[in-house]
Amino acid sequence: MTACQLDRGLLVDALRRLEVVAGDGIGIVGEIGEHVLKLRLEARGLSGGNGAEVIPCQTVGKAQRIGFHAGLLLKTLKQSVSEEATLVISDGQKIFIETLDGKDIVMARRVNFFQSEE
């Protein structure tokens, strides 16, 4: 299990920017590394751009990468009033976001759309 605790507002803003560049149907690749969450588009967006965001965070566990769609996370994150959120990747198969006000998001499994660079 890998987790990163971060500012919810920074995550929402980053996902919104990527969603604008991506358009519908383009996924996001998220990677938790040492003290950062890196987000990038899995393919070029409608504008031809290939957006990327880096958000500082407190991390626990080994580096992991997972694919997901921004809209699924944004829906619940925008409803939360919590200042912090914790993003958890479990064995590269499940993604979970927990906020302090109890607005939790669970995705049962990863989205398989990106090529592993390993």
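It should be emphasised that the depicted structure is a prediction, and the values quoted were computed from it without experimental measurement.
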Should Leu10 and Val36 be regarded as members of a common hydrophobic cluster, given that ILVMFWY residues are connected when their side-chain heavy atoms come within less than 4.5 Å of each other, either directly or indirectly?
->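 Not linked; separate clusters.
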Step by step, work out the side-chain contact (heavy atoms from CB on, under 4.5 Å) result for Leu18 and Leu41.
-> CA-CA 7 Å; Leu18 289 172; Leu41 299 180; 4.1 Å; yes
Thr99 side chain reached by Leu77 side chain, heavy atoms, under 4.5 Å |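 In short, these two side chains touch, coming nearer than 4.5 Å.
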Heavy-atom check, side chain of Arg40 versus side chain of Val29, under 4.5 Å |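 Yes. Closest side-chain heavy atoms under 4.5 Å.
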Hey, what do you get for [atom1] ([X]) to [atom2] ([Y]), rounding to the nearest 0.5 Å?
{"X": "Glu98", "Y": "Ser80", "atom1": "CD", "atom2": "OG", "result": "10.5 Å"}
{"X": "Asp13", "Y": "Ile55", "atom1": "CG", "atom2": "CD1", "result": "9.0 Å"}
{"X": "Cys57", "Y": "Leu11", "atom1": "SG", "atom2": "CG", "result": "10.0 Å"}
{"X": "Leu6", "Y": "Gln58", "atom1": "CG", "atom2": "CD", "result": "10.0 Å"}
{"X": "Leu39", "Y": "Phe68", "atom1": "CG", "atom2": "CZ", "result": "5.0 Å"}
{"X": "Glu31", "Y": "Ile89", "atom1": "CD", "atom2": "CD1", "result": "8.5 Å"}

Output, in order, the C-alpha distance, side-chain angles, deciding distance and verdict of side-chain contact (heavy atoms from CB on, under 4.5 Å) for Thr2 and Thr59.
-> CA-CA 7 Å; Thr2 303; Thr59 57; 5.8 Å; no
State whether the side chain of Arg8 and the backbone N or O of Val81 hold a donor-acceptor pair below 3.5 Å, judged by distance alone.
->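 Here the side-chain-to-backbone pair does not exist.
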Could you work out the complete set of other residues in the hydrophobic cluster of Val60, with links drawn between I, L, V, M, F, W and Y side chains under 4.5 Å apart?
->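 So far as hydrophobic clustering goes, Val60 is joined with none.
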